[in-house]
Amino acid sequence: MTVIKFVLGATVLVAAAIIAARYLYPLPSLSGVRDAPPVRAANNGELYEAVGPLIAAHPGQSGLHALPNAAAAFAARVILARAATQSIDVQYYIWHRDLTGVLLLDELRKSAERGVHVRLLLDDNGISDLDPILSDLDAHPDFEIRLYNPFTTRDFKLAGYAFDFFRLNRRMHNKSFTVDGLVTIGGGRNVGDEYFGTGLQPNYVDLDLLAAGSVVQDVSDDFARYWNSASAYPLDLLVDDDDEADGALQAALDDVTQGSQRATYENEIRRSDVVRKLISGTLPLEWTSAILVSDPPTKTLGQAAEEDLLVGQLDDLMGDIDERLDVISPYFVPGEKGTDHFVELAERGVRVRILTNSMEATDVLPVHAGYAKYRHRLVEAGVELYELKASAAPQDRKSDTGFAGSSAASLHAKSFAVDGERIYIGSFNFDPRSVYLNTEMGLLVDSEQMAQDMHTGFEAQIADMAYAVSLDDDGQLQWTEQQRDGSVRHFQHDPNSSAGSRAAITVIGWLPIQWLL
């Protein structure tokens with residue numbers, strides 16, 4: 001009886017604390033916040049002169065160019081910002097206060113000072129230490145910032161999970177960078193050094209897609225849908241504009257650009273020719289059909305209809321898979337339903353190949369624990385399963401090595417190719433979080449060239465980059481590594497892992513947390 005009383009008392013105290021916290025730290029009212037229309041494509045300026053005639057020559061189509069190289073992907077964003085004449089709409093899940101994050105904010109500031117209208121929509125979970133800098137930028141009349149699904153406590157944001165867990169656990173994972181309503185960049189990359197191949201953090205294997213033409217207006221419309229949603233709050237409703245904000249961006253620039261890396265990145269920007277070729281009309285764009293798939297922002301409030309979710313849209317649009325499916329997903333937790341689907345494909349003769357992170361390469365161990373439970377059944381059914389090494393070949397971090405990536409510590413690209421005909425590139429992972437909790441977006445492209453490039457990338461690079469997971473003669477999982485001297489090495493457990501880490505993923509796998517992964 002004493003235990004029961006203690007539990008009941010503790011429950012009452014926790015409930016009271018939650019109610020009190022919500023009363024003390026409520027979300028501000030959006031009653032006075034005005035909606036803004038989607039940006040329409042500019043009809044003048046440098047970008048218009050470059051892509052306007054191409055768009056007119058390809059009505060209803062989109063011109064696409066893949067950006068697998070990290071430094072080039074950063075340079076493309078910088079040079080596009082410098083070319084802007086009317087508008088820049090930017091939407092991201094993570095934006096770090098590091099070299100590339102601060103440099104890109106400075107480029108957006110410079111654009112606003114030229115009279116370009118900049119709108120920055122950031123998920124509030126991924127902007128640690130940015131409040132003063134964002135307040136500094138938001139003070140400019142041509143720079144608007146909104147925070148998505150915000151925390152109401154700014155100094156100790158994580159404490160918000162204690163009293164508002166179910167709301168705050170839903171995040172905006174979307175990523176887009178759209179200039180003058182004419183050109184957009186989307187894909188897997190957030191903004192930070194590890195996404196752009198520099199800094200002290202592990203480098204990510206990632207992939208973006210530059211697009212012009214029809215799909216850009218769809219991205220602009222989707223940005224407006226999120227910007228005007230009930231989960232997007234103007235920065236000034238959440239963050240006080242105090243003395244700390246004045247000059248905060250310049251102070252951050254001084255702080256992060258002391259070393260030689262800034263000069264290195266400035267050289268990369270000068271050397272990058274992606275946008276310059278676009279402007280000069282010499283960039284090889286593939287003009288084809290591209291469809292934006294995106295979750296509705298009402299998903300964040302738990303109010304989206306199941307048929308409107310991105311995963312359902314993808315399933316409808318992809319059609320039948322007849323011969324082969326190649327999947328790249330860093331956080332791969334297929335669950336029972338997804339495993340059934342991949343197994344069914346393999347059993348009817350479709351060649352299914354999946355590349356995800358190995359234990360040594362993952363940056364989220366609980367996700368690996370969720371994935372590990374399904375490996376045996378997938379491999380047993382004939383699915384070809386590969387796990388990225390923590391040190392993948394070749395050893396040039398800046399080499400342009402195609403869809404699978406280069407020497408990075410962790411996989412982050414999210415894409416799949418079907419039957420050598422169509423390809424998806426975006427933010428969606430094959431995990432419960434992407435399906436049910438986070439909002440996601442991406443492009444589904446009819447492109448034999450891009451799909452074949454991804455299929456070929458698997459053929460040409462996978463042996464050097466990843467461990468092949470299979471079953472040994474006793475029906476147990478084994479990992480096979482192709483050595484550079486041509487020899488083969490086998491592991492009977494996750495390569496380069498400790499007994500403690502393997503025990504940890506087993507225990508984590510027992511916990512009822514898969515819906516969070």
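Atoms considered below: every heavy atom in the structure, side chains included; atoms not considered: hydrogens, waters and symmetry mates.
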4.5 Å side-chain heavy-atom contact, P28 and Y233: yes
Donor-acceptor contact below 3.5 Å, side chain T456 vs main chain Q452: yes
Please report, to 0.1 Å, the donor-acceptor pairs under 3.5 Å made by any side chain of residues 308-323, with sequence neighbours excluded.
| unit_1 | atom_1 | unit_2 | atom_2 | d |
| --- | --- | --- | --- | --- |
| Q313 | NE2 | S294 | O | 2.9 |
| Q313 | NE2 | D308 | O | 2.8 |

Min side-chain heavy-atom separation L210-V183 under 4.5 Å: yes
Under the ring-ring contact (aromatic ring centres under 6.0 Å, His included) test, residues paired with F74 that sit two or more places apart: F196, Y265
Validation row: D138, F143 side chains within 4.5 angstrom (heavy atoms): no
Working for side-chain hydrogen bond (donor to acceptor under 3.5 Å, both in side chains), residues Y195 and D206: CA-CA 7 Å; Y195 303 99; D206 224 324; over 6 Å; no
I425 vs V445 side-chain heavy atoms within contact, under 4.5 Å: no
Atom pair CG (L120) and CG (L105), whose distance is rounded to the nearest 0.5 Å: 6.5 Å
Side-chain donor/acceptor of S329 to backbone N/O of T356, under 3.5 Å: no
Donor-acceptor pair between T85 and D180 side chains, under 3.5 angstrom: yes
Under the side-chain contact (heavy atoms from CB on, under 4.5 Å) test, residues paired with S128 that sit two or more places apart: none
Heavy-atom neighbours of R114 CZ exceed 12 at 6.0 Å: yes
Heavy-atom donor-acceptor pair, K175 side chain to S427 backbone, under 3.5 Å: no
Salt bridge flag under 4.0 Å for residues D221 and R40: yes
Reported CD-to-CG distance for the pair Q217 and D222, which is rounded to 0.5 angstrom: 11.5 Å
Residues that D363 engages under side-chain contact (heavy atoms from CB on, under 4.5 Å), provided they are two or more places apart: Y204, Y331, S410
Plane angle bin for F223 and W227 - parallel if under 30°, tilted between 30 and 60°, otherwise perpendicular: parallel
CG-CD1 distance between N357 and I328, expressed to the nearest 0.5 angstrom: 11.0 Å
Separation between CZ of R109 and CG of L104, rounded to the nearest 0.5 Å: 12.5 Å
Any side-chain donor near an acceptor of the partner, E194 and H412, under 3.5 Å: no
Flag for T100-D193: side-chain donor and acceptor within less than 3.5 Å: yes
S231 side chain to Y148 backbone, donor-acceptor under 3.5 Å: no
Atom pair CD (E440) and OG (S434), whose distance is rounded to the nearest 0.5 Å: 3.5 Å
Name every donor-acceptor pair, under 3.5 Å, that has one atom in a side chain of residues 44-63 and the other anywhere in the protein, sequence neighbours excluded.
| unit_1 | atom_1 | unit_2 | atom_2 | d |
| --- | --- | --- | --- | --- |
| N44 | OD1 | Q86 | NE2 | 3.4 |
| H58 | ND1 | L54 | O | 2.8 |
| S62 | OG | V215 | N | 3.0 |

Heavy-atom check, side chain of L103 versus side chain of V78, under 4.5 Å: no
Smallest separation among heavy atoms of V216 and A211, with atom names: CG2-O, 3.4 Å
Any side-chain donor near an acceptor of the partner, N149 and R170, under 3.5 Å: no
Atom CD of E448 with >12 non-hydrogen neighbours under 6.0 angstrom: no
Partner residues of E307 under the side-chain contact (heavy atoms from CB on, under 4.5 Å) criterion, sequence neighbours left out: A305
Side chains of T152 and K157 in contact at under 4.5 Å (non-hydrogen atoms): no
Test side-chain contact (heavy atoms from CB on, under 4.5 Å) applied to N169 - qualifying residues, sequence neighbours left out: F165, R433, L437, W515, L516
Heavy-atom donor-acceptor pair, D326 side chain to A417 backbone, under 3.5 Å: no
Which residues share a salt bridge (charged side-chain N to carboxylate O under 4.0 Å, His left out) with E459, sequence neighbours left out: R351, R353
Heavy-atom check, side chain of R171 versus side chain of Y93, under 4.5 Å: yes
Heavy-atom pair of closest approach, residues L121 and A232: CD1-CB, 4.1 Å
Under 3.5 Å: donor-acceptor pair, side chain of T153, backbone of F156: yes
Short side-chain to backbone donor-acceptor contact, D123 and M172, under 3.5 Å: yes
Modelled atom types, side-chain donor and acceptor of T439 and N174, under 3.5 Å: yes
Side chain proximity check, I94 to L122, heavy atoms < 4.5 angstrom: no
Side-chain donor-acceptor pair present, S29, S31, cut-off under 3.5 Å: yes
Distance (rounded to the nearest 0.5 Å) between R276 CZ and R270 CZ: 9.5 Å
Side-chain donor-acceptor contact under 3.5 Å, T282 with S280: yes
Side chain to side chain donor-acceptor pair (under 3.5 Å) partners of D273, counting only residues at least two apart: K277
Side chain H96, main chain D98, donor-acceptor under 3.5 Å: no
Verdict with supporting geometry, Y226 and D295, side-chain hydrogen bond (donor to acceptor under 3.5 Å, both in side chains): CA-CA 10 Å; Y226 275 80; D295 280 312; 5.7 Å; no
Contacts of type salt bridge (charged side-chain N to carboxylate O under 4.0 Å, His left out), residue D236, not counting sequence neighbours: none
Contacts of type salt bridge (charged side-chain N to carboxylate O under 4.0 Å, His left out), residue D208, not counting sequence neighbours: R77, R189
Residue of the set I185, D89, T184 for which side chain to side chain contact (heavy atoms under 4.5 Å, CB included) holds with V219: T184
Partner residues of R154 under the salt bridge (charged side-chain N to carboxylate O under 4.0 Å, His left out) criterion, sequence neighbours left out: D124, D131
